[in-house]
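Notes to accompany the following structure.
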2 protein chains.
Amino acid sequence: MIKTSHISERTIGRLSLYRRLLHQLQADEKVNVFSHEIAQLSGVTAAQVRRDLMAIGYSGSSVHGYDVYQLNDSISRFLDAPQIQNVALVGVGNLGQAVLTYLSGRRPKLSIVAAFDKNPVKVNRVINGCRCYPMNEFAAQVQQQKIEVGIIAVPGSEAQAVCDTMVASGIRGIVNFAPATLKTPTGVHVEVLDMAVSLEKAAYFARIG
Amino acid sequence: MIKTSHISERTIGRLSLYRRLLHQLQADEKVNVFSHEIAQLSGVTAAQVRRDLMAIGYSGSSVHGYDVYQLNDSISRFLDAPQIQNVALVGVGNLGQAVLTYLSGRRPKLSIVAAFDKNPVKVNRVINGCRCYPMNEFAAQVQQQKIEVGIIAVPGSEAQAVCDTMVASGIRGIVNFAPATLKTPTGVHVEVLDMAVSLEKAAYFARIG
DNA sequence: TTATAACTGTGAAAAAAATAACAGCGTTAC
DNA sequence: GTAACGCTGTTATTTTTTTCACAGTTATAA
Ligand SMILES: NC(=O)c1ccc[n+]([C@@H]2O[C@H](COP(=O)([O-])OP(=O)(O)OC[C@H]3O[C@@H](n4cnc5c(N)ncnc54)[C@H](O)[C@@H]3O)[C@@H](O)[C@H]2O)c1
Ligand SMILES: NC(=O)c1ccc[n+]([C@@H]2O[C@H](COP(=O)([O-])OP(=O)(O)OC[C@H]3O[C@@H](n4cnc5c(N)ncnc54)[C@H](O)[C@@H]3O)[C@@H](O)[C@H]2O)c1
């Protein structure tokens with residue numbers, strides 16, 4: 001039986017945050033860091049930080065706190081796949097192109113290796129160093145390039161269909177920008193980035209506090 | 001003493017989701033809807049839906065469920081300000097322009113009435129029907145146009161400074177796209193839309209399940 | 001050496017969120 | 001008329017997440 005010491009989604013998100021911050025600290029040549037410093041920089045409590053780090057089994061010292069380099073490394077070993085994970089983007093519109101630009105060459109371990117669109121005008125061009133394929137080549141490219149993660153940036157009305165294509169092609173991690181609730185079989189994870197909802201929340205709390 | 005029957009952030013987010021879905025149902029001329037239908041469409045449980053609706057004090061009927069129009073209306077009265085809430089966007093780059101296009105004319109109650117950038121090339125032009133101002137006019141425009149919500153789409157290194165400007169100008173609801181944890185005084189709400197974190201989470205769960 | 005100090009790791013407690021459970025209620029079927 | 005049905009509103013329960021609190025640890029200083 002595999003010991004799946006379950007780590008919550010929340011914790012994964014925070015670990016990603018901590019890592020980004022540690023990267024910055026490393027650039028600043030900081031060698032050690034305390035839980036309360038990480039907490040301060042990431043907007044959580046020190047206890048939360050310690051608990052999250054406990055989850056990945058990294059131990060610090062009571063005097064020097066955590067070694068920035070080692071902690072960074074530990075989180076990376078935990079979060080990242082041993083090899084590169086390839087990503088596909090579907091929907092090369094306004095947002096899709098911004099995302100392509102943004103991610104282009106930024107993360108070594110997670111790179112968008114193929115874009116897809118149903119619009120023939122966009123297809124078979126290279127945009128920000130990324131080739132744009134027609135949708136009917138989706139499954140083949142996913143298999144060929146071992147793509148594991150999908151980003152959906154098509155209109156809401158098309159999102160479920162695109163999602164289904166992704167799932168059918170074996171993708172099990174999806175980032176969804178479209179204003180649509182996707183239905184997926186268990187085992188497929190969807191990260192929701194819903195701007196409309198976020199804006200409404202911000203507006204609500206701007207009023208209510 | 002004001003009876004602030006506290007409604008959780010989570011619930012606010014779901015209400016926004018339900019409303020979007022009800023809007024669609026209305027377009028489909030559906031008159032009534034049951035909690036389990038809303039649940040199904042929004043990916044939560046029926047009990048959760050009923051609990052959320054309880055929070056805003058809307059009651060349905062045990063036979064016909066909820067009246068689509070009325071529920072929509074109830075949620076809107078709860079979520080929306082009585083009058084329009086104006087929004088400012090800071091950072092008219094790739095993402096900022098996509099956001100401008102996306103929101104342009106889409107929501108009557110929440111419209112971006114001003115964009116800001118520090119790049120002189122972008123300033124004093126109209127982009128998607130929205131005027132782009134230089135940053136030094138920020139406070140004045142916020143006051144003049146009664147802007148209550150801000151969207152941050154500048155590089156991470158600039159985000160805190162922009163945030164501080166927003167807070168100083170009286171903005172109390174912020175949507176942040178930058179990969180930075182913002183520090184704000186209590187009473188200011190920040191909605192985080194962190195693509196880097198979401199992508200890493202999706203990649204992690206694509207592997208781990 | 002021994003006290004002091006500041007931190008970590010973690011069990012225990014608290015808080016928050018989600019789920020389950022069910023009484024009550026119109027409607028329909030008979 | 002009344003029994004059965006399928007839903008809501010809400011209370012109770014469970015689960016998840018966060019925070020608290022403190023024993024244990026290691027450097028430092030007296
Ligand atoms: N633009 C933004 O800033 C923004 C912000 C938040 C959310 N969104 C959401 O992101 C999505 C994309 O927004 P956008 O502004 O880039 O829209 P867009 O219209 O500019 O681009 C959509 C692209 O998807 C392509 N497409 C449509 N259906 C497709 C399909 N079935 N298969 C493959 N490609 C398809 C279109 O050809 C087009 O290139 C939308 O769901 C939108 O609601 C956008
Ligand atoms: N492009 C994307 O798809 C994407 C996705 C996720 C997150 N982000 C984040 O969103 C932010 C914007 O991304 P982008 O791709 O649009 O970048 P960009 O470089 O294209 O645009 C940034 C804009 O902000 C302006 N700017 C910089 N500093 C400023 C300041 N202090 N005040 C006012 N304006 C300022 C610049 O002049 C530029 O126009 C970044 O933080 C990025 O990490 C972008």
Side-chain angles (χ1 to χ4, degrees), chain A residues 4-18 22 25 30-72 74-75 78 181 186 189 192 197 201 205, chain B residues 4-18 22 25 30-72 74-75 78 181 186 189 192 197 201 205:
Chain A
T4 313
S5 66
H6 187 66
I7 293 188
S8 82
E9 210 176 310
R10 290 286 201 25
T11 293
I12 300 296
R14 284 190 298 263
L15 286 171
S16 168
L17 223 56
Y18 302 158
L22 288 167
L25 293 182
K30 196 159 162 50
V31 177
N32 298 110
V33 67
F34 296 118
S35 63
H36 69 261
E37 294 178 295
I38 298 178
Q40 152 84 16
L41 292 168
S42 54
V44 303
T45 65
Q48 182 81 85
V49 170
R50 294 202 297 275
R51 196 159 270 290
D52 288 336
L53 299 189
M54 194 169 85
I56 62 167
Y58 182 77
S59 279
S61 117
S62 42
V63 179
H64 301 113
Y66 306 95
D67 178 292
V68 173
Y69 177 83
Q70 278 179 24
L71 177 53
N72 199 336
S74 267
I75 296 179
F78 180 80
T181 302
T186 50
H189 180 87
V192 177
V197 167
K201 281 174 72 184
F205 287 110
Chain B
T4 313
S5 66
H6 187 67
I7 293 189
S8 80
E9 210 177 308
R10 292 301 218 352
T11 293
I12 301 297
R14 284 190 298 263
L15 286 169
S16 168
L17 221 57
Y18 302 157
L22 288 166
L25 293 181
K30 195 158 163 53
V31 177
N32 298 109
V33 67
F34 296 117
S35 63
H36 69 261
E37 295 178 295
I38 297 177
Q40 152 85 17
L41 291 167
S42 54
V44 303
T45 65
Q48 182 81 84
V49 171
R50 294 203 296 277
R51 186 165 269 291
D52 288 336
L53 298 189
M54 192 169 86
I56 62 168
Y58 182 78
S59 280
S61 117
S62 43
V63 180
H64 300 112
Y66 305 96
D67 178 294
V68 173
Y69 176 83
Q70 278 179 24
L71 177 53
N72 199 337
S74 266
I75 296 179
F78 179 81
T181 303
T186 49
H189 180 87
V192 177
V197 168
K201 281 174 70 182
F205 288 110

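Just the heavy atoms: all of them, side chains too, but no hydrogens, waters or symmetry mates, feed the values below. Chain letters run A, B, ... following the sequence lines, proteins first, then strands; residues in each count from 1.
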With the criterion being N/O to N/O and under 3.5 Å, what pairs connect the protein with nucleotides 13-19 of chain D, and how long is each?
residue	atom	partner	partner atom	Å
D:dT17	O3'	A:R10	NH1	3.4
D:dT18	OP1	A:R14	NH1	3.1
D:dT18	OP2	A:R14	NH1	3.2
D:dT18	OP2	A:R14	NH2	3.0
D:dT18	O5'	A:Q48	OE1	3.2
D:dT19	OP2	A:T45	OG1	3.1
D:dT19	O4	A:R51	NE	2.9
D:dT19	O4	A:R51	NH2	3.4

For nucleotides 5-9 of chain D, list the nitrogen or oxygen atoms of the protein found under 3.5 Å from its nitrogen or oxygen atoms, one pair per line.
residue	atom	partner	partner atom	Å
D:dC7	O4'	B:S62	O	3.2
D:dT8	OP1	B:S35	N	2.8
D:dT8	OP2	B:S35	OG	2.7
D:dG9	OP1	B:S59	OG	3.0
D:dG9	OP1	B:G60	N	2.4
D:dG9	OP2	B:Y66	OH	2.9
D:dG9	N7	B:R50	NE	3.0
D:dG9	O6	B:R50	NH2	3.0

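Pairs passing the side-chain hydrogen bond (donor to acceptor under 3.5 Å, both in side chains) check and including a residue from residues 40-50 of chain A, sequence neighbours excluded, read A:S35-A:R50. Within the structure, side-chain hydrogen bond (donor to acceptor under 3.5 Å, both in side chains) pairs that include any residue of residues 53-65 of chain A comprise A:Y58-A:Q70 (at least two apart or interchain).
Using a 4.5 Å heavy-atom cutoff, the side chains of B:V31 and B:L25 are not in contact.
When all heavy atoms of A:I12 and A:F78 are compared, the closest pair comes out as CD1-CE2, 3.6 Å. The two atoms that bring A:V68 and A:L22 nearest to each other are CG1-O, 3.8 Å, heavy atoms only. What you find for B:Y18 and B:D52 is that their closest heavy atoms are OH-OD2, 2.6 Å. Across all their heavy atoms, A:K30 and A:V33 have their closest contact at CE-CG2, 4.4 Å. Shown here for A:G43 and B:T181, the closest heavy-atom pair between the two residues is N-CG2, 4.0 Å. The two residues A:N32 and A:D67 have their closest heavy-atom pair at ND2-CA, 3.8 Å.
With sequence neighbours excluded, no residue satisfies salt bridge (Lys or Arg N to Asp or Glu O under 4.0 Å) with A:R51.
If you walk DNA chain C from 5' to 3' and mark each nucleotide with an atom closer than 4.0 Å to a heavy atom of chain A, the marks span C:dC7 to C:dA12.
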